[in-house]
Participant: 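Below is a structure I'd like to ask you about.
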Amino acid sequence: MSILVVEDLVKHYTVRRGWFGGAAETVRAVDGVSFVIDSGECLGIVGESGSGKTTLTRAILGLERPTAGRIVFEGEDIHALSPKALRAQRARIQMVFQDPHASLNPRMSVRDIVAEPMEVHRDVLGLSGRQMTDRVAELLELVRMERGHLTRYPHEFSGGQRQRIGIARALACNPRLVVLDEPTSALDVSVQAQVLALLIGLQDQLGLTFLFISHDLAVVRYICHRAALIYRGKLVEDGPVDQIFDAPRTDYAKTLLAAMPDPDPGKSPFWGPAAQGKIQPDSEKGAP
Amino acid sequence: MSARTTAEASGTSGGEGLARAFYRFRQNPLSLVGLVLVALLLFLAIFGPLVAPYPEHLAGEVSVLDRFKPPSAAFWFGTNEVGQDILSMVVAGAQVSLLSAMGVIVIATLIGTLIGLAAGYFGTWIDEVLMRFTDLILTLPALILAMAIAAGLGPSIVNMVIALALAWWPGFARLVRGEVIGLKEEQFVVAARAQGAGAGRIIFRHILPNVTSPIIVKMSLDVGFAILAVASLGFIGIGVRPPTPEWGVMLSVSRSNLPHFWWTAIFPGMAIFVAVLAFNLFGEGLRQALDPRARR
């Protein structure tokens, strides 16, 4: 059953050129994207910087009004909702941000950060302060942190721990859909693996649906069931992860895959026989 | 700036962060001088009448025989034209000067912060209207504007404080607006919006706590200048009136005693100078301790 349907989503920005707002230029950040996410799956959205990934997520979160198209979440067009209904809706779509240093308020304790979604939706949830603290402690254990961290501040934690706090915050209101915006790209490789394993475990345990934004194909292949490639605001190819990686249909998908370093040096385009003579030696730095 | 400064600014949250900020504050001996002088001024403002050597002089119980005594062991700063001990009056003057200067800054901070928060957060036409109004006030020289308001309201200490505050808030409004515009693009603010938090919650829970450091720094720097403004208004006879002991008033009265009875002018003048300097050194020290961008 589909949980989120994105239909022909278009978001154009008008950039004013000149001093008097004369000539205007339109940036087509998202240009007619459609896809569906089924309940319980993890869909990866892959694209390079500037491809429209961020605009897409902002529209799905209701932060940005699309120029055209619809975003239907659990049967409701989110941009047709009243502001009040939209606010309530937001409890069910939560997000984990890319940079765990910037996405946690440095002046708030871990307890207050993780409890915030519950505070915001207090009218719906009706939890007392005490109950919220208990729930925060529960969530911290869920992301493998300790109850003792409740009163600490973000700067006392490592990047991986902060990202766990961000994940705990996203889970606070029992969301149906979690948008993960490059949740591991700011982390060390060893920590990345831990966080990804945690996310997969949480998805199984809580029956979550993930929309996973990334430019890292290896990560997408590891965590996602399906993937969609976007390029210049358009959806280029989508399908099951194995199909996209093993039998890409479009040229863009092939180019993107060719640029991906293979963990097996024998297969890497930088090391294998296919690369001989084509790539200069200094590009070896790009290989792991 | 965003990620890195936020991470570093986080060093000032929580108890451990305060200790670190105080450590940075102590690194500069001038900041410590400022701190000691500010503490001394606050002490005089609170206990002034108790530590003044001749408290009865403040109430007007003076001896005509003591008129225009030069500085001596009995009267360290000398006496004035009616025989009042100048040291006692300078000490008592700290109360009026500091209290009214702090009153000015507190009111100006409240007005300026609210306007800056609204303009910076909501943007668009609200920002335009509020900031054009702010610029308008800013183009008028603060002291002249305060003089006009004080003249209109009538001379009293409270009216003078209100007048100065109404001329003083634009600086705070611009400071806060600038900080808010930077902060509202921070990811933790976007995160709060994505959770469905309303404007009030975002402004007061997420943005305001992250603007407090620059506000506190500007407040402590500005108290010094407000002391100078209070003294200026007293000097030209719009603010505090004699016989209330106030440094500007004392200077004003002493004009007719110059140059022969120089001590009637030098000591109140020194008091103003030291007070302004103290708050400047203290405020600058706070800036270095709290603002990661100012650190070398």
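Lettering of chains follows the sequences in order, A, B, ..., and the numbering in each one begins at 1.
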Participant: Against chain A, label B/Val190 side chain, backbone, both or neither, depending on which of its atoms sit under 4.5 Å from a heavy atom there.
Facilitator: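 B/Val190 touches chain A through backbone and side-chain heavy atoms alike.
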Participant: Does B/Gln195 reach the side chain of A/Met95, with side-chain heavy atoms less than 4.5 Å apart?
Facilitator: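 Answer no - side chains too far apart.
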Participant: Ignoring hydrogens and geometry, is there a side-chain-to-backbone donor-acceptor pair from A/Arg90 to B/Arg193 under 3.5 Å?
Facilitator: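 Pair found, side chain donor or acceptor close to backbone of B/Arg193.
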Participant: Donor-acceptor pair, A/His121 side chain versus B/Ala197 backbone, under 3.5 Å?
Facilitator: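 Side chain of A/His121 to backbone of B/Ala197: no pair is present.
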Participant: Near B/Phe225 CZ, under 6.0 Å, is it more than 12 heavy atoms from other residues, nucleotides or ligands?
Facilitator: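 Incorrect, the count does not exceed 12.
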Participant: Using every non-hydrogen atom in the two residues, find where A/Leu63 and B/Ala194 come nearest and quote the distance to one decimal.
Facilitator: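 Shortest heavy-atom separation between A/Leu63 and B/Ala194 comes out as CD2-N, 3.9 Å.
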Participant: At a heavy-atom separation under 4.5 Å, does A/Arg152 approach chain B through its side chain, its backbone, both, or neither?
Facilitator: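 No part of A/Arg152 comes within 4.5 Å of chain B.
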Participant: Of all residues at least two apart in sequence or in a different chain, which pass the ring pair (Phe, Tyr, Trp, His ring centres under 6.0 Å) check with A/Phe35?
Facilitator: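 For A/Phe35, no residue satisfies ring pair (Phe, Tyr, Trp, His ring centres under 6.0 Å) once neighbours in sequence are set aside.
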Participant: Side chains of A/Arg107 and B/Thr212: does their closest heavy-atom pair fall under 4.5 Å?
Facilitator: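 Answer yes - side chains close enough.
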Participant: Could you grab the distance from atom CG of A/Asn105 to atom CG of B/Leu183, nearest 0.5 Å is fine?
Facilitator: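 Reported value, rounded in 0.5 Å steps: 9.0 Å.
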Participant: Is atom CZ of A/Arg130 surrounded by more than 12 heavy atoms (other residues, nucleotides or ligands) closer than 6.0 Å?
Facilitator: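 Check fails, neighbour count at 12 or below.
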Participant: How about residues 111-118 of chain A versus chain B: which residues have heavy atoms under 4.5 Å apart?
Facilitator: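 Those residues of residues 111-118 of chain A which have a heavy atom under 4.5 Å from chain B are A/Asp112, A/Glu116, A/Pro117.
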Participant: How close do A/Ser103 and B/Gln187 get, heavy atom to heavy atom, and via which atoms?
Facilitator: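 The pair with the smallest heavy-atom distance is CB-OE1, 3.6 Å.
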Participant: Could I get the full list of side chain to side chain donor-acceptor pair (under 3.5 Å) partners for B/Arg177, not counting sequence neighbours?
Facilitator: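 Scan of B/Arg177 (side chain to side chain donor-acceptor pair (under 3.5 Å), adjacent residues dropped) gives B/Asp127.
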Participant: Taking side chain to side chain donor-acceptor pair (under 3.5 Å) as the test, write out the residues that go with B/Trp169, two or more places apart.
Facilitator: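 By the side chain to side chain donor-acceptor pair (under 3.5 Å) rule, B/Trp169 matches no residue at all.
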